[in-house]
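Here, residue 1 is the first one in the sequence, and each next residue gets the next number.
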Amino acid sequence: LTPGEKERIDKKQTSNLTAYEYYLRGRDYYYRYRKEDNETAIALFRKALSLDPDYALAWAGLGDAYAMRVYLFNFPLSWYDSSIVASNRAIALDPGSAEAYKALGTSVMDLNVMKGLEALKKAIELNPNYHPAIYNLGGLYLWTGELIESIKCFKKCLILDPGFIDPYVNIG
């Protein structure tokens with residue numbers, strides 16, 4: 001293990017087990033990619049933050065879910081602002097959080113491709129096996145016409161999570 005990996009393993013994200021449970025449940029709902037489930041995820045991330053306001057992962061989850069309001073569910077673009085604020089709060093609390101940088105990348109990629117690329121690459125630098133960031137980077141490469149890089153990301157994502165169907169769809 002690298003020193004950075006050892007540090008991530010040893011890092012205690014929260015001392016509140018209920019906040020941790022809310023965070024995990026929020027992530028479960030977030031990854032269902034349905035509007036009502038995204039709203040449930042937001043409520044669960046907020047509950048986690050009510051118990052531990054300095055819980056970086058919950059702030060990152062909130063940033064992701066706010067971005068999905070716009071990206072998937074046609075909420076006003078102003079929700080990207082809320083997503084960026086939550087993501088930046090996560091980064092401020094834990095500058096080594098791949099999840100926080102992935103959330104920021106998701107928040108800004110539609111608004112500024114270069115900032116999205118930068119944030120997603122930082123997430124992958126912090127955790128080279130964080131497949132949600134790798135998948136989003138692949139999507140961003142796809143949108144910008146960098147097909148070879150896109151396919152590389154999607155293939156790596158499949159190695160890390162073979163049950164995740166979206167990379168198969170994008171490669172196809």
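Taking each heavy atom of G63 and S107 in turn, the nearest pair found is O-OG, 4.0 Å. Scanning both residues, K156 and N129, for their nearest heavy atoms gives CE-OD1, 4.1 Å. Between C157 and P167 the shortest heavy-atom distance is SG-CG, 3.7 Å. Contact record, L44 with G26: CD1-N, 3.7 Å, taken as the closest heavy-atom pair. When all heavy atoms of Y23 and E99 are compared, the closest pair comes out as OH-CG, 4.5 Å. The two residues A19 and N16 make their nearest non-hydrogen contact at N-OD1, 2.9 Å.
M114 and I84 fall within the same hydrophobic cluster, where Ile, Leu, Val, Met, Phe, Trp and Tyr residues are linked whenever their side-chain heavy atoms come under 4.5 Å apart, directly or through other members. The hydrophobic cluster containing I151 does not contain I165, counting ILVMFWY residues as joined when their side-chain heavy atoms lie under 4.5 angstrom apart, directly or transitively. Under a hydrophobic-cluster definition in which Ile, Leu, Val, Met, Phe, Trp and Tyr are linked whenever side-chain heavy atoms come within less than 4.5 Å, directly or via other members, L117 and I124 are assigned to the same cluster. Note on L111 and L72: same hydrophobic cluster, where clusters join Ile, Leu, Val, Met, Phe, Trp and Tyr whose side-chain heavy atoms are under 4.5 Å apart, directly or indirectly. No chain of hydrophobic side-chain contacts below 4.5 Å, direct or via other Ile, Leu, Val, Met, Phe, Trp or Tyr residues, connects W143 to V169.
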Between D54 and R89, is the side-chain contact (heavy atoms from CB on, under 4.5 Å) condition met? List the steps. CA-CA 9 Å; D54 294 329; R89 176 76 173 133; 3.0 Å; yes
Please evaluate residues Y71 and T106 with respect to the criterion side-chain contact (heavy atoms from CB on, under 4.5 Å), reporting the C-alpha separation (whole Å), side-chain torsions for both, the decisive distance (0.1 Å), and the verdict. CA-CA 9 Å; Y71 185 74; T106 303; 5.9 Å; no
Does the side chain to side chain donor-acceptor pair (under 3.5 Å) test come out yes or no for Y20 and D52, once each step is laid out? CA-CA 9 Å; Y20 178 64; D52 183 352; over 6 Å; no
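Both tests pass for R32 against the ring of Y29: distance under 6.0 Å to the centre and angle within 45° of the axis.
We find the OH-SG distance between Y135 and C153 to be 11.5 Å, quoted to the nearest 0.5 Å. The distance from atom CG of L137 to atom CD of E146, rounded to the nearest 0.5 Å, is 9.0 Å. If you take CE on M68 and OH on Y31, they are separated by 9.5 Å, rounding to the nearest 0.5 Å. Atom CG of L158 sits about 9.5 Å away from atom NE2 of H131, to the nearest 0.5 Å. For the atom pair CD1 (I171) and CG (D166), the distance works out to 11.0 Å, reported to the nearest 0.5 Å. Atom CG of L57 is separated from atom CG of L62 by 12.5 Å, given to the nearest 0.5 angstrom.
Salt-bridge annotation for E118 and K115: absent, with no side-chain N of the basic residue lying under 4.0 Å from a carboxylate O of the acidic one. A salt bridge links E125 with K122: the closest approach of a Lys/Arg side-chain nitrogen to an acidic carboxylate oxygen falls below 4.0 angstrom.
Side-chain contact between D110 and V70 is absent, with no heavy-atom pair separated by less than 4.5 Å. Looking only at side-chain heavy atoms (C-beta outward), D64 and R27 come within less than 4.5 Å of each other. Between Y55 and S15, every side-chain heavy-atom pair lies at or beyond the 4.5 Å cut-off. At a threshold of 4.5 Å between non-hydrogen side-chain atoms, the residues N38 and K35 do not count as touching.
With hydrogens and angles disregarded, no donor-acceptor distance shorter than 3.5 Å links the side chain of W59 to the backbone of V85. Using a distance-only test at 3.5 Å, with no hydrogens or angles considered, a donor-acceptor pair links the side chain of S150 to the main chain of G138. Looking only at distances, no side-chain donor or acceptor of K102 sits under 3.5 Å from a matching main-chain atom of N136. In this structure, the side chain of S83 does not engage the main chain of W79 through any donor-acceptor pair within 3.5 Å.
Dense packing is recorded around CZ of F164, with more than 12 heavy atoms of other residues, nucleotides or ligands lying under 6.0 Å away.
Between Y22 and F45, the ring center distance fails the sub-6.0 Å criterion.
Remark: of the listed residues L120, L126, N127, L126 is the sole one forming a side chain to side chain contact (heavy atoms under 4.5 Å, CB included) with Y101.
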